[in-house]
Novice: 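Before I ask anything, here is the structure I am working with.
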There are 2 protein chains.
Amino acid sequence: MPEPRRITSADVARRAGVSRATVSYVLNATPGQSISTATRDRVLDAAAGLGYAPSAAARTLRTGRSDVVLCLLPDWPIGNEVGNLLGNLSTALAREGLTFVAHPGSREDRPIAEIWKAITPAAVLSFTDFSDREREAMLAAGVALVVALLGRAGRAGLHGRELEVPQQLIGRRQTEHLLGTGHSRLGYAYPDDPRLKIFAEPRLAGCSGDPVVRTVPLDAALAAEAVAGWRADGVTGICAYNDEVALAVLAGARRLGIATPGGLAVIGVDDIPAARLAVPSLTTVTTDQRMLAAHLATTVVAAVSGRPAPVLATADLIRVVVRESA
Amino acid sequence: MPEPRRITSADVARRAGVSRATVSYVLNATPGQSISTATRDRVLDAAAGLGYAPSAAARTLRTGRSDVVLCLLPDWPIGNEVGNLLGNLSTALAREGLTFVAHPGSREDRPIAEIWKAITPAAVLSFTDFSDREREAMLAAGVALVVALLGRAGRAGLHGRELEVPQQLIGRRQTEHLLGTGHSRLGYAYPDDPRLKIFAEPRLAGCSGDPVVRTVPLDAALAAEAVAGWRADGVTGICAYNDEVALAVLAGARRLGIATPGGLAVIGVDDIPAARLAVPSLTTVTTDQRMLAAHLATTVVAAVSGRPAPVLATADLIRVVVRESA
DNA sequence: CTGTTAGCGCGTTCAC
DNA sequence: GTGAACGCGCTAACAG
């Protein structure tokens with residue numbers, strides 16, 4: 001086999017009878033260049049005819065930045081909703097000519113620096129915050145954007161590119177629903193997994209009505225203990241960290257023979273498939289992942305091109321799905 | 001700010017008082033080069049002292065291949081288990097010096113070629129099969145490995161690097177359990193989402209006992225219809241495509257007032273958190289994701305370095321988790 | 001206006 | 001152990 005040599009801009013230039021520079025100008029539509037339509041077309045034709053695709057590596061080497069957006073996934077279990085968000089994000093960024101990739105795996109396995117150095121991304125998104133050193137290193141390396149999807153609460157982002165509002169809003173919506181359906185004494189079912197703290201804290205902080213917090217493991221017997229505790233406190237409505245925790249609360253209540261929602265109302269977060277199949281079916285709160293993804297994509301694009309970040313319209317972002325449990 | 005110039009191998013060479021070539025040979029431990037220990041150490045010290053990290057882009061440009069392993073995610077909803085697998089895979093590959101990234105999003109959004117051209121990966125993994133054209137294009141571009149996690153059944157892979165066995169094994173284990181607990185007439189609860197077919201087919205094919213197949217949407221009322229049908233057929237044990245479908249079957253049975261497992265035994269797949277919280281708790285089948293990830297990682301490494309693919313030891317890979325529902 | 005020349009970015013590798 | 005070319009695209013400076 002005659003080693004199928006890569007097609008380079010030189011090939012296109014040769015075929016179009018112009019210089020490589022011209023090819024570059026035409027293909028990148030470089031502003032401030034005046035190239036005749038005839039030449040333009042010849043180049044375009046040649047490129048198309050040869051099936052030319054520029055070498056991403058060369059471009060990256062030259063410009064110091066690829067068109068890849070790197071997302072660092074958290075080390076806590078990612079479920080359906082996150083998967084969904086990533087998919088939407090990928091689609092939205094693709095429309096802008098950016099390639100989205102996600103890197104799973106904890107930062108302990110591999111220093112975060114190795115990851116982005118291997119990719120030379122245009123932007124890095126992360127679900128957890130960066131240390132100042134990391135942030136600086138990336139910026140110094142020319143990474144255009146550094147978004148923490150959930151910055152430390154209250155921290156004025158270096159870029160105003162953080163997105164903690166929705167989390168608090170989730171807690172708010174949960175309590176609003178419960179308070180609105182006649183429950184005045186509330187509990188908060190906190191997740192067992194310490195890695196989830198970064199999400200749980202802002203959600204809890206968004207709750208009004210000062211709920212009684214208890215940790216609820218994903219186990220019916222252990223959940224029952226928590227439920228018993230809440231009962232003793234006079235709590236009648238529970239905001240759960242997410243649907244899984246909510247299902248645990250439901251299972252715990254059942255063990256104790258407590259009727260739901262009569263004896264205890266429960267509201268989750270995420271609307272996982274199991275939520276509607278539970279008995280009683282689970283009332284929960286969902287985020288419009290498509291809208292959120294669109295916003296994130298816009299934020300990334302803005303940052304890459306040096307424009308200010310857009311403001312997230314949070315109005316319809318988070319919705320209560322009313323079912324039987326609350 | 002004095003524009004923090006990147007540290008290159010030239011800097012290291014200068015500091016160590018050697019040529020750039022030598023630096024390259026030392027840092028890559030290039031075989032067939034005779035470099036004195038003294039020089040070696042000087043280079044190593046200089047590199048460490050300067051905090052030198054080679055430019056991935058330049059390396060990729062030169063060698064035609066990055067050290068990134070690209071995984072193309074399917075467009076069907078990815079859940080916890082897949083997330084888990086990806087995490088383990090990432091960790092395993094990191095140990096081999098490879099950077100793992102995943103690209104979500106359907107192939108309709110963006111031709112698959114654009115993705116890998118943007119990354120120049122050492123290897124590409126995919127959950128679904130590639131067309132022959134795609135496969136060839138990648139191979140021609142120097143991508144070392146092209147694994148379809150689930151090739152078309154029966155297709156003799158170009159590389160023998162396909163992994164369909166576990167899927168069939170899942171079905172096998174489910175039926176074994178049900179047949180072993182006294183159920184002779186079985187049903188298979190097929191997922192509603194057509195995108196899942198690629199997983200569902202091999203799982204179903206692995207089932208013994210020729211089960212009666214019915215599609216079960218994730219909705220209690222609709223699931224009840226399917227359950228009623230099975231009852232009419234004399235079916236007493238259901239293998240579900242996954243835990244969510246199994247939960248739907250459970251919900252359907254409850255609607256009809258059918259006791260589980262007395263009236264109908266159900267076994268799922270995945271062991272999602274909701275499985276143990278269901279009523280009755282769900283008997284299910286799990287895959288050892290860590291073991292699977294290790295095998296995949298080994299396969300990738302073998303392929304990248306041109307060695308033959310290892311054989312997967314399937315013995316303990318798939319396990320039944322016995323709970324109440326079957 | 002139109003388009004070209006030339007050198008850069010950085011690590012790798014062949015030939016001496 | 002070294003010099004020098006190479007992989008490929010970008011872009012400032014420059015000539016018709």
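The chains referred to below are lettered A, B, ... by the order of the sequence lines, with proteins before strands, and numbering in each begins at 1.
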Novice: How far does CG of B:Leu296 sit from CG of B:Asn88, to the nearest 0.5 angstrom?
Specialist: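 With rounding to 0.5 Å, CG (B:Leu296) is 10.5 Å from CG (B:Asn88).
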Novice: At less than 4.0 Å, is any side-chain N or O atom of A:Arg59 found next to OP1 or OP2 of D:dC10? Yes or no.
Specialist: yes
Novice: More than 12 heavy atoms of other residues, nucleotides or ligands under 6.0 Å from CZ of B:Arg40: yes or no?
Specialist: no
Novice: Quick check on A:Arg42: does its CZ atom have over 12 non-hydrogen neighbours (other residues, nucleotides or ligands) under 6.0 Å away?
Specialist: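 More than 12 within 6.0 Å, yes.
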Novice: Using a 4.0 Å heavy-atom cut-off, does A:Ser34 contact any base of the nucleic acid, only the sugar-phosphate backbone, or nothing at all?
Specialist: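 The answer is base, as A:Ser34 lies within the cut-off (heavy atoms under 4.0 Å) of a base atom.
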Novice: Would you sketch DNA chain D in dot-bracket for me? Only Watson-Crick or G-U wobble pairs with both distances under 3.5 Å count, crossing pairs as [ ], other-strand pairs as |, the rest as dots.
Specialist: .|||||||||||||||
Novice: To the nearest 0.5 Å, what is the distance between CG (A:Leu44) and CG (A:Leu27)?
Specialist: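 One finds 6.5 Å between CG of A:Leu44 and CG of A:Leu27.
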Novice: What is the distance from NZ of A:Lys117 to C1' of C:dC10, rounded to the nearest Å?
Specialist: 15 Å
Novice: Please give, in whole Å, the distance from D:dC8 P to A:Leu50 CG?
Specialist: 14 Å
Novice: Please compare A:Tyr52 and B:Ser19 by the position of their nearest nucleotide in DNA chain D and report the one closer to 5'.
Specialist: B:Ser19
Novice: Looking at A:Val18, A:Val43, A:Thr30, which one forms a side-chain contact (heavy atoms from CB on, under 4.5 Å) with A:Tyr25?
Specialist: A:Thr30
Novice: Are any protein N/O atoms closer than 3.5 Å to N/O atoms in nucleotides 13-16 of chain C? If there are, list each pair with its distance.
Specialist:
{"residue": "C:dC14", "atom": "N4", "partner": "B:Tyr25", "partner atom": "OH", "Å": "2.6"}

Novice: Looking at B:Arg135 and B:Asp129, is any side-chain nitrogen of the basic one under 4.0 Å from a carboxylate oxygen of the acidic one?
Specialist: yes
Novice: Name the nucleic acid region contacted by B:Leu61, choosing base, sugar-phosphate or nothing; use a 4.0 angstrom heavy-atom cut-off, strictly under.
Specialist: base
Novice: Has A:Thr39 got a side-chain N or O lying under 4.0 Å from the OP1 or OP2 atom of C:dG3?
Specialist: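 Indeed, a polar side-chain atom of A:Thr39 lies that close.
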Novice: How close or far is atom C1' of C:dT2 from atom CG of A:Asp41, stated in whole angstroms?
Specialist: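 Atom CG in A:Asp41 sits about 15 Å away from atom C1' in C:dT2.
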Novice: For A:Ile35 and D:dT11, give me the distance from atom CD1 to atom C1', rounded to whole Å.
Specialist: 12 Å
Novice: Can you find a side chain N or O atom of A:Ser36 that sits less than 4.0 Å from OP1 or OP2 on C:dG3?
Specialist: yes
Novice: May I ask you to check whether B:Ser90 and A:Arg110 show a side-chain donor-acceptor distance below 3.5 Å?
Specialist: no
Novice: For the pair made of CZ in B:Arg14 and P in D:dG3, what is the distance, rounded to whole Å?
Specialist: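 In whole Å, D:dG3 P and B:Arg14 CZ are 13 Å from each other.
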Novice: Would you tell me whether A:Ser131 and A:Arg133 have side-chain atoms, one donor and one acceptor, within less than 3.5 Å of each other?
Specialist: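 No pair is found: no donor N or O on one side chain lies under 3.5 Å from an acceptor on the other.
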Novice: Checking all strands, does A:Val18 fall into the base, sugar-phosphate, or nothing category for heavy-atom contacts under 4.0 angstrom?
Specialist: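 If one applies the 4.0 Å heavy-atom cut-off, A:Val18 turns out to touch the sugar-phosphate alone, with no base involved.
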Novice: Report the residues that fulfil ring pair (Phe, Tyr, Trp, His ring centres under 6.0 Å) with A:Phe199, sequence neighbours left out, ordered by chain and then residue number.
Specialist: A:Trp76
Novice: Roughly, in whole Å, what's the span from CG in B:Asp67 to P in C:dG11?
Specialist: 14 Å
